[in-house]
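Values below: every heavy atom of this structure, side chains too, minus hydrogens, waters and symmetry copies. Within every chain, numbering begins at 1; the chains are lettered A, B, ... in the order of the sequence lines, protein sequences first and strands thereafter.
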Protein chains: 2
Amino acid sequence: MIINGQKKAYKVDEQLYHCGTAATMSFIGGKWKCITLWYLRKEPKRFSELKSLLPDMTEKMLSLQLKALANDGLIARKSYGNKAPYVVIYNLTEFGESLIPVIETITSWGKKWAEQKGELIEVD
Amino acid sequence: MIINGQKKAYKVDEQLYHCGTAATMSFIGGKWKCITLWYLRKEPKRFSELKSLLPDMTEKMLSLQLKALANDGLIARKSYGNKAPYVVIYNLTEFGESLIPVIETITSWGKKWAEQKGELIEVD
DNA sequence: CTGGATCCCTGAAGATACTG
DNA sequence: CAGTATCTTCAGGGATCCAG
């Protein structure tokens, strides 16, 4: 980002972002965050529900992503019970909801492209 | 992507995409592709122009990204002259242009967030 | 001027097994 | 049930030098 020959950047909590894109990508970049948020867009879900909805994601990655998303304030985690079996519910926060239109834009472009250039097939 | 209990995916040129998001991200994911396309959105630019607009990006990365974007059909490369100094112009293709609204959505969300939560400062 | 070639490093992601 | 703990692999990215 260069304004009047001066190099500028956004500074948020000691972190520099050289453009709006970089800021957004820090929230939804990487391989899994978008799709995780996407599955939470309508209603809260349990860990095991997400796991079965995302069979390609290892438990470890799911756990890491959920932790990161909660840390960014995009989702909230609530746990019930002090003995196994535990129940843990994840839901979007209002801040997380503000990202859904962005993800929707990304998803629908990809969907349209994939449907035009390829085909929907069964896997596994 | 699970439909009627059946796991599905898009198949495009032997490549599998488990959702629209993954497809889009294969084009604009990573640290540099979005911003590179963004700078080409209005008019074609030379390698050296892009280099000075993107001072944080090494020449190697710029070169790699331009090659990848051209390979994906998002930009076109035209070179003039058969002796040094060469002139090489990059411009968006129509396909590349179709992604600009997506990038715009991403950028404006990040911009709004950064302006609310942080500040614009000079760097370097 | 516009890159290519090479080496290196780190962090993201995967596999597998284990636990309160 | 909802995660941790290790170990490993690999691609993205950085630094530097080289070439037409």
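Rounded to whole angstrom, the span from the NZ atom of K67(A) across to the P atom of dA2(D) amounts to 15 Å. Counting to the nearest Å, the P atom of dT2(C) and the CG atom of L50(B) are 10 Å from each other. Atom CD1 in I89(A) sits about 12 Å away from atom C1' in dA2(D), given to the nearest Å. Protein atom CG of L54(B) is 12 Å distant from nucleotide atom P of dG14(D), rounded to whole Å. dC1(C) atom P lies 17 Å from atom CG of L66(B), rounded to whole Å.
Residues satisfying the side-chain contact (heavy atoms from CB on, under 4.5 Å) test with E122(A), not counting sequence neighbours, are Q6(B), K8(B). Evaluation of the side-chain contact (heavy atoms from CB on, under 4.5 Å) rule for R77(A) yields S79(A), V88(A), Y90(A) as partners, not counting sequence neighbours. Remark: T58(A) engages no residue in a side chain to side chain donor-acceptor pair (under 3.5 Å) (not counting sequence neighbours). Scored by the ring-ring contact (aromatic ring centres under 6.0 Å, His included) test, F27(A) finds F95(A), W109(B), W113(B) as partners (sequence neighbours excluded).
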| request: Mark up nucleotides 10-20 of chain C, 5' to 3', with B wherever a protein heavy atom is under 4.0 angstrom from a base atom, S wherever such an atom reaches only the sugar-phosphate, and - elsewhere. | output: ---BBB----B
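At the heavy-atom level, K33(B) lies nowhere under 4.0 Å from the strands shown. Across all strands shown, Y90(B) has heavy atoms under 4.0 Å from sugar-phosphate atoms exclusively, and none from any base.
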| request: Take T105(A) and E104(B) through the side chain to side chain contact (heavy atoms under 4.5 Å, CB included) test and state the conclusion after the steps. | output: CA-CA 10 Å; T105(A) 305; E104(B) 192 155 21; over 6 Å; no
| task | Apply side chain to side chain contact (heavy atoms under 4.5 Å, CB included) to L69(B) and L40(B), showing your working. | result | CA-CA 12 Å; L69(B) 292 170; L40(B) 289 171; 5.7 Å; no
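Residues from residues 6-28 of chain B that place a heavy atom under 4.0 Å from any atom of DNA chain C: there are none.
A sub-4.0 Å separation between OP1 or OP2 of dC1(C) and a side-chain N or O of R46(B) is absent. Taking only side-chain nitrogens and oxygens, S79(A) never comes nearer than 4.0 Å to OP1 or OP2 of dA2(D). Contact between the side-chain N/O atoms of K51(B) and the OP1/OP2 oxygens of dG3(C) is not found at any separation under 4.0 Å. Within the 4.0 Å cut-off from OP1 or OP2 of dG3(C), at least one side-chain nitrogen or oxygen of R77(B) is found.
The structure places CG of L64(B) at 8.5 Å from CE of M57(B), a figure rounded to the nearest 0.5 Å.
Using modelled atom types, no side-chain atom of T21(A) and backbone atom of I35(B) make a donor-acceptor pair closer than 3.5 Å.
The pair K7(B)-D56(A) meets the salt-bridge criterion, with a side-chain N (NZ, NE, NH1 or NH2) lying under 4.0 Å from an Asp/Glu carboxylate O.
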